Amino acid sequence: MIKETDTVTRICYCGQAVTVDSDARFTYSTCARCPRCGAEAFVTRYERFGTSLNQLVFKCSSCFDQFEAGIDNISLM
């Protein structure tokens with residue numbers, strides 16, 4: 001997981017949950033650590049306000065807990 005708060009803020013402002021690095025030809029997804037077990041969690045739902053994302057809901061890949069995470073707790077994978 002890559003901690004890039006500026007990039008996460010930019011892609012959420014643009015209304016995206018993923019971003020593509022055209023130079024490396026790689027797609028980065030937003031993810032967060034589960035507050036319950038610490039495993040990786042990926043976006044399952046999001047809510048838009050205009051063109052930007054204002055709510056991201058993540059689902060843990062281990063315990064299947066759903067939670068919201070703030071921009072500071074979101075990373076790229």
Side-chain angles (χ1 to χ4, degrees):
M1 289 178 33
I2 304 168
K3 187 69 174 171
E4 298 250 356
T5 306
D6 293 337
T7 305
V8 171
T9 302
R10 182 177 46 80
I11 66 173
C12 287
Y13 181 74
C14 294
Q16 302 170 336
V18 298
T19 187
V20 177
D21 182 353
S22 58
D23 294 335
R25 295 183 180 160
F26 192 79
T27 301
Y28 292 99
S29 299
T30 52
C31 58
R33 291 273 177 210
C34 176
R36 180 187 278 175
C37 69
E40 296 170 349
F42 295 94
V43 174
T44 56
R45 291 190 326 260
Y46 56 86
E47 183 178 304
R48 280 199 175 124
F49 182 75
T51 59
S52 64
L53 300 177
N54 64 341
Q55 180 185 30
L56 293 171
V57 177
F58 294 86
K59 185 173 184 178
C60 179
S61 58
S62 292
C63 69
F64 305 109
D65 187 33
Q66 291 190 359
F67 61 94
E68 292 182 40
I71 294 292
D72 295 337
N73 297 324
I74 299 173
S75 300
L76 298 174
M77 176 173 261

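None of the values given here were measured: they were computed from a predicted structure.
Following chains of ILVMFWY side-chain contacts shorter than 4.5 Å, one cannot reach V8 starting from F49, and the two form parts of different hydrophobic clusters.
Scored by the side-chain hydrogen bond (donor to acceptor under 3.5 Å, both in side chains) test, R48 finds no partners at all (sequence neighbours excluded). With sequence neighbours left out, the ring-ring contact (aromatic ring centres under 6.0 Å, His included) criterion links F67 to F58.
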C34/S62 under side chain to side chain contact (heavy atoms under 4.5 Å, CB included): CA gap, chis, key distance, verdict: CA-CA 9 Å; C34 176; S62 292; over 6 Å; no

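The distance from atom SG of C31 to atom CG of L76, rounded to the nearest 0.5 Å, is 7.0 Å. With rounding to the nearest 0.5 angstrom, the CZ atom of R45 is 9.5 Å from the NZ atom of K59. Put simply, CG on N73 and OG1 on T5 are 9.0 Å apart, with the number rounded to the nearest 0.5 Å.
Heavy atoms of other residues, nucleotides or ligands lying less than 6.0 angstrom from CZ of F42 number more than 12.
The side chain to side chain donor-acceptor pair (under 3.5 Å) analysis of residues 9-37, with sequence neighbours excluded, yields no pairs.
Counting only distance, with no hydrogens or angles, the side chain of S61 and the backbone of E40 share a donor-acceptor pair below 3.5 Å.
The two residues C12 and I71 make their nearest non-hydrogen contact at SG-CD1, 4.0 Å. When all heavy atoms are compared, the tightest approach of E68 to V57 is CG-CG2, 4.1 Å.
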